[in-house]
Amino acid sequence: MIERPDRTPLPRGFFDRPVLDVAPELLGCTLARLTGDGPIELRLTEVEAYAGELDPGSHAYRGRTPRNDVMFGPPGHAYVYFTYGMWHCLNVVCGPEGRASGILLRAGEIQIGADLARKRRFSARHDRELAKGPARLATALDVDRALNGTDLCADATAPLSLLPGTPPRPDQVRNGPRTGVGGGGAHQPWRFWIDSDPTVSPYRAHVPRRRAT
DNA sequence: CGCAGGATCGGCT
DNA sequence: GCCGATCCTGCGA
């Protein structure tokens with residue numbers, strides 16, 4: 001009998017906890033995508049927590065809308081949003097249900113399907129850039145709003161799921177301010193990443209956009 | 001390598 | 001109308 005890594009998705013209970021407990025534990029976990037062309041999998045190296053309606057940085061801050069509806073639903077589901085007119089970003093809803101908290105999956109290391117990811121991320125000059133940033137991660141794994149609401153705990157044959165992986169050593173888990181978040185939520189140190197990992201995206205402070213002249 | 005500017009459109013005020 | 005949980009390219013050092 002051949003030993004294989006655990007293909008059982010993380011249980012719903014894993015996500016049905018306070019988002020700040022879940023976020024650091026997601027590091028090292030496997031995000032598995034089943035595309036028509038084959039599987040693409042990555043090991044998460046960077047995530048960011050958003051604490052629901054009370055968090056000025058969260059999409060849920062101004063209450064429930066058609067766009068953020070999934071965030072108010074049960075934990076363990078995918079919240080995918082479209083931004084800047086061209087990009088998608090992927091979150092996991094966390095508990096308790098109705099809190100509308102979630103975790104943005106910001107970066108990872110491609111472990112399976114790098115050839116497929118390279119086709120989708122043709123401008124990446126190096127494999128470490130394939131999923132270095134939330135929109136790059138979504139692009140590499142062919143994630144768009146068609147996957148909004150997907151149950152990530154269903155099973156490994158689903159189009160998108162989260163599985164246990166290889167956790168980092170506890171002393172390798174770092175945290176700091178969230179990238180690109182302005183307003184009242186800017187200073188919260190709710191971004192978590194694996195220290196010294198080359199696939200972690202660079203920190204960028206929020207920049208209000210200037211109007212075109 | 002760092003920084004500035006542009007792309008592009010859905011969601012919400 | 002304004003702005004965004006971003007990324008890419010081009011330019012200069």
Side-chain angles (χ1 to χ4, degrees), chain A residues 15 19-20 22-24 26-27 31 42 44-72 75 77-94 99-108 110 117-149 152 160 174-193 198-213:
Chain A
F15 301 102
V19 67
L20 292 181
V22 179
L26 265 183
L27 296 175
L31 176 63
L42 64 74
L44 289 170
T45 58
E46 181 190 359
V47 301
E48 215 164 65
Y50 288 85
E53 289 183 284
L54 300 179
D55 178 0
S58 171
H59 285 176
Y61 184 54
R62 288 172 176 83
R64 193 171 189 164
T65 68
R67 177 172 72 149
N68 63 24
D69 188 67
V70 170
M71 293 191 87
F72 289 82
H77 289 246
Y79 166 52
V80 182
Y81 68 88
F82 179 70
T83 191
Y84 287 99
M86 31 189 149
W87 310 112
H88 295 273
C89 292
L90 168 65
N91 299 251
V92 197
V93 177
C94 283
R99 175 69 57 91
S101 64
I103 298 170
L104 174 66
L105 307 184
R106 289 195 55 92
I110 304 284
R118 283 187 207 108
K119 285 184 190 168
R120 302 196 51 77
R121 292 269 306 118
F122 55 88
S123 67
R125 311 237 286 178
H126 195 287
D127 278 2
R128 75 179 133 234
E129 296 172 351
L130 288 174
K132 188 183 196 143
R136 291 167 168 180
L137 182 154
T139 301
L141 269 64
D142 196 17
V143 170
D144 62 22
R145 291 208 62 182
L147 293 172
N148 190 40
L152 303 176
L160 192 62
R174 305 245 289 138
N175 70 292
R178 295 181 292 188
T179 293
V181 175
H187 69 282
Q188 307 291 9
W190 292 346
R191 174 179 177 243
F192 299 86
W193 67 92
T199 66
V200 172
S201 70
Y203 172 76
R204 298 185 206 288
H206 176 74
V207 192
R209 202 164 34 142
R210 281 184 3 191
R211 254 191 45 190
T213 52

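Reminder, nothing fancy here: chain letters follow the sequence lines and each chain counts from 1.
Base pairing analysis places C/dA5 opposite nothing; no Watson-Crick or G-U wobble pair with both distances below 3.5 Å involves it. In this structure, B/dT8 makes no Watson-Crick or G-U wobble pair, since no nucleotide meets both defining distances under 3.5 angstrom.
Here CG of A/Asn148 is found 8.5 Å from CG of A/Asp69. Values are rounded to the nearest 0.5 Å.
In the set C/dC8, C/dA5, C/dT6, the nucleotide with an atom closest to the side chain of A/Ser123 is C/dC8.
Residue A/Arg67 is classed as a sugar-phosphate contact, given heavy-atom separations below 4.0 Å to backbone atoms only. Residue contacts shown for A/Gly57 include a base, since a base heavy atom lies under 4.0 Å away. Using a 4.0 Å heavy-atom distance criterion, A/Arg191 is classed as making no nucleic acid contact. A/Arg145 comes within 4.0 angstrom of sugar-phosphate atoms only, judged by non-hydrogen atoms across all strands, and of no base. Across all strands, A/Thr139 comes closer than 4.0 Å to no nucleic acid atom at all (heavy-atom distances). Using a 4.0 Å heavy-atom cutoff across all strands shown, A/Arg62 reaches sugar-phosphate atoms only and no base atom.
Rounded to an integer number of Å, the gap from A/Tyr203 OH to C/dA5 P is 14 Å. One interatomic measurement links the two molecules: CZ of A/Arg204 to P of C/dT6, which rounds to 9 Å at whole-angstrom precision. Separating the OH atom of A/Tyr84 from the C1' atom of B/dG11 is a distance of 14 Å, rounded to the nearest angstrom. Taking atom CZ on A/Phe82 and atom C1' on B/dT8, their separation rounds to 7 Å, with Å as the unit. As rounded to whole Å, 15 Å separates atom P of B/dG10 from atom NE2 of A/His59. Rounded to whole angstrom, the span from the CH2 atom of A/Trp87 across to the C1' atom of C/dC3 amounts to 18 Å. The nearest whole Å value for the distance from the CG atom in A/Leu104 to the C1' atom in C/dG4 is 13 Å. Rounded to whole angstrom, the span from the CE atom of A/Met86 across to the P atom of B/dC9 amounts to 8 Å.
A donor-acceptor pair is defined here as one N or O able to donate and one able to accept, closer than 3.5 Å; no such pair exists between the side chain of A/Arg118 and the backbone of A/Asp127.
Using the six-membered ring where Trp is involved, A/Tyr79 and A/His59 have ring planes that are perpendicular, over 60° apart on the 30 and 60° scheme.
Checking A/Gly133 against A/Val207, the closest nucleotide of DNA chain C that is more toward the 5' end is the one next to A/Val207. Residues A/Phe122 and A/His206 both approach DNA chain C. Their nearest nucleotides, taken by heavy-atom distance, put A/His206 toward the 5′ side.
Around the CZ atom of A/Arg191, the shell of radius 6.0 Å holds more than 12 heavy atoms that belong to other residues, nucleotides or ligands. Around atom CZ of A/Phe82, more than 12 heavy atoms belonging to other residues, nucleotides or ligands sit under 6.0 Å away.
For C/dT6, the OP1/OP2 oxygens have no side-chain nitrogen or oxygen of A/Thr179 closer than 4.0 Å. Side-chain nitrogen and oxygen atoms of A/Arg125 include none within less than 4.0 Å of the OP1 or OP2 phosphate oxygen of C/dC8.
Between A/Leu105 and A/Leu137 the shortest heavy-atom distance is O-CD1, 3.6 Å.
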